[in-house]
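Scope of the values below: all heavy atoms of this structure, side chains included, with no hydrogens, waters or symmetry mates. Throughout, protein chains are lettered first and strands after them, A, B, ... in sequence-line order, and every chain is numbered starting at 1.
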Amino acid sequence: MSQTSRPQNDLRGRIYSVVARIPRGRVATYGQIAALAGVPQHARQVGYALYDLPSGGSLPWHRVINAKGQVSPRSEPGWVGFQRELLEAEGVEFQRGRVDLGRYRWEPADSPGV
DNA sequence: TGCTTGACATAAT
DNA sequence: CATTATGCCAAGC
């Protein structure tokens, strides 16, 4: 319609949906999330959207990391370690403080069982 | 309405 | 590998 394709709410609502689709034991990068949301240029907005995440939300934000395979330093130190625990609890292994994207990177619409 | 900020990405140095 | 610079664009004030 005139309002064009109104996804759901805003980019954020879209990003949340994509993040919620990340399977357990897998991780995705901000750029990936943005791309899946249909806006590969908004990798930053992805992080910004997660920043607005409601506490107690069922969103697996901890599965979202940066392209370096590391969790993004939020504001205060120690927060990163927390995210790392959540990932390890899901079966994601950390090598030298970073995740092996070559193995844990989430492949949407694929990876039937490589 | 316009400037500032920002959980990023990529390339170059 | 670390740091710097640029791009890209929405949300907040």
Quick check for you: to the nearest 0.5 Å, what is the distance between A/Leu59 atom CG and A/Leu50 atom CG?
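Spacing of CG (A/Leu59) from CG (A/Leu50) equals 7.0 Å.
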Testing the basics here: between [X] and [Y], what is the closest heavy-atom pair and its distance to 0.1 Å?
| X | Y | result |
| --- | --- | --- |
| A/Ser72 | A/Val80 | O-CG2, 4.1 Å |
| A/Pro108 | A/Leu36 | CG-CD2, 3.6 Å |
| A/Phe94 | A/Glu88 | CD1-CG, 3.8 Å |
| A/Val64 | A/Gln83 | O-NE2, 3.2 Å |
| A/Ile22 | A/Arg63 | O-NH1, 3.0 Å |

Linking I/L/V/M/F/W/Y whenever their side-chain heavy atoms sit closer than 4.5 Å, directly or via other members, would A/Val19 and A/Trp79 fall into one cluster?
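Yes, same cluster.
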Can you see if the side chain of A/Ser72 gets near the phosphate of B/dC8 - specifically, an N or O under 4.0 Å from OP1 or OP2?
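For B/dC8, OP1 or OP2 has a side-chain N or O of A/Ser72 closer than 4.0 Å.
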For a stem of at least 3 consecutive Watson-Crick or G-U pairs with distances under 3.5 Å, i pairing with j, i+1 with j-1 and so on, which stems involve DNA chain C?
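In DNA chain C, stems of three or more pairs: B:2-6 with C:9-13, B:8-13 with C:2-7.
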A/Tyr30, nearest nucleotide to its side chain (from B/dT10, C/dC1, B/dA7):
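My answer, after comparing the listed nucleotides, is B/dA7.
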Between the protein and nucleotides 10-13 of chain C, list the N/O to N/O atom pairs that are separated by less than 3.5 angstrom.
residue: C/dA11; atom: O3'; partner: A/Arg12; partner atom: NH1; Å: 3.2

Base C/dG7 paired with A/Arg44 side chain (donor-acceptor, <3.5 Å)
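Donor-acceptor pair under 3.5 Å: yes.
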Round to a whole Å and report the spacing from NZ of A/Lys68 to C1' of B/dA7.
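One finds 11 Å between C1' of B/dA7 and NZ of A/Lys68, rounded.
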Going by the rule side-chain hydrogen bond (donor to acceptor under 3.5 Å, both in side chains), which residues pair with A/Glu93 if we only count those two or more places apart in sequence or in a different chain?
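Testing A/Glu93 for side-chain hydrogen bond (donor to acceptor under 3.5 Å, both in side chains), a comparison that skips the adjacent residues, returns A/Tyr104.
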